[in-house]
**Student:** 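Would you mind keeping the following structure in view while I ask a few things?
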Amino acid sequence: QLQLVESGGGSVQPGGSLRLSCTVSGFNLPYYAVGWFRQAPGKEREGVSSISVSGGAANYADSVKDRFTISRDSDKNAVFLQMNNLRPEDTAVYYCAADLAPRGGVSWSSLQTSEYDYWGQGIQVTVSS
């Protein structure tokens with residue numbers, strides 16, 4: 001059974017930084033794309049960033065471009081989201097998810113929730129002064 005566990009969330013002031021980690025277990029081969037999503041109260045879950053199997057291709061939502069960076073360490077089955085210059089509107093529960101059969105191949109990933117098969121339990125990120 002594939003499991004994803006997020007860590008690294010918390011509270012930070014505007015302009016601060018956090019680094020989220022997503023550790024994947026229960027799947028021996030790192031052939032999965034990974035996405036980070038977030039959901040604020042009263043809003044739909046939205047894609048934040050995603051990274052391909054190869055790690056060579058990434059996507060970002062317009063709202064986080066130039067502030068967030070996604071990366072993966074396949075040896076450790078982990079994916080990271082470095083979040084800089086955080087804003088109050090980044091406050092949300094953040095989820096990581098795995099796509100076990102990325103339809104675009106090893107250099108493709110998606111920001112659409114429907115593409116993902118397994119989800120973590122989520123972790124809170126709060127940006128407030």
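This chain uses plain numbering: 1 for the first residue, then up along the sequence.
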**Student:** Whether the side chain of Thr91 engages the backbone of Val127 through a donor-acceptor N/O pair (distance < 3.5 Å, no angle test) should be reported.
**Tutor:** yes

**Student:** Is there a continuous path of hydrophobic side-chain contacts, each under 4.5 Å between heavy atoms, that joins Tyr118 to Val24?
**Tutor:** yes

**Student:** Assess the side chains of Glu115 and Thr113: does a donor N or O sit below 3.5 Å from an acceptor N or O?
**Tutor:** no

**Student:** Please round to the nearest 0.5 Å and tell me the distance separating atom OG of Ser74 and atom CD1 of Ile51.
**Tutor:** 8.0 Å

**Student:** Just by modelled atom types, is the Tyr32 backbone N or O under 3.5 Å from a matching donor or acceptor in the Asp99 side chain?
**Tutor:** no

**Student:** Is Gln121 atom CD crowded by more than 12 heavy atoms from other residues, nucleotides or ligands, each under 6.0 Å away?
**Tutor:** yes

**Student:** Assess Arg38 against Tyr95: is NZ or CZ under 6.0 Å from the centre of the six-membered ring, and within 45 degrees of the ring's axis?
**Tutor:** no

**Student:** Closer than 4.0 angstrom, basic N to acidic O: yes or no for Asp90 and Arg87?
**Tutor:** no

**Student:** Are Leu4 and Leu100 connected in the hydrophobic side-chain network, where two residues link if heavy atoms are under 4.5 Å apart?
**Tutor:** yes

**Student:** Does CD belonging to Glu89 count more than 12 external heavy atoms closer than 6.0 Å?
**Tutor:** yes

**Student:** Atom SG of Cys96 and atom CH2 of Trp36: how far apart are they, to the nearest 0.5 Å?
**Tutor:** 4.5 Å

**Student:** Verify side-chain contact (heavy atoms from CB on, under 4.5 Å) between Phe80 and Thr69, making sure each step is shown before the conclusion.
**Tutor:** CA-CA 8 Å; Phe80 309 98; Thr69 303; over 6 Å; no

**Student:** Under a 4.5 Å side-chain heavy-atom rule over Ile, Leu, Val, Met, Phe, Trp and Tyr, are Leu2 and Trp119 clustered together?
**Tutor:** no

**Student:** Looking at every heavy atom in both Leu86 and Leu18, which two are closest together, and how far apart are they?
**Tutor:** CD1-N, 3.8 Å

**Student:** Treating Ile, Leu, Val, Met, Phe, Trp and Tyr as nodes and any side-chain heavy-atom pair under 4.5 angstrom as an edge, say whether Met83 and Val93 lie in one connected cluster.
**Tutor:** no

**Student:** Taking the cut-offs as 6.0 angstrom to the six-membered ring centre and 45 degrees off its axis, would you call Arg67 and Tyr60 a cation-pi pair?
**Tutor:** no

**Student:** Phe68 vs Leu81, test: side-chain contact (heavy atoms from CB on, under 4.5 Å). Steps then yes/no.
**Tutor:** CA-CA 7 Å; Phe68 290 12; Leu81 186 68; 4.2 Å; yes

**Student:** Please find out if less than 6.0 Å separates the ring center of Phe37 from that of Tyr116.
**Tutor:** yes

**Student:** side-chain hydrogen bond (donor to acceptor under 3.5 Å, both in side chains) for Ser52 and Ser54? Distances and angles first, verdict last.
**Tutor:** CA-CA 5 Å; Ser52 63; Ser54 67; 3.1 Å; yes

**Student:** Treating Asn85 as the side-chain partner and Gly16 as the backbone partner, does any N or O pair qualify as donor plus acceptor under 3.5 Å?
**Tutor:** no

**Student:** Do Glu6 side-chain atoms and Gly122 backbone N/O form a donor-acceptor pair below 3.5 Å?
**Tutor:** yes

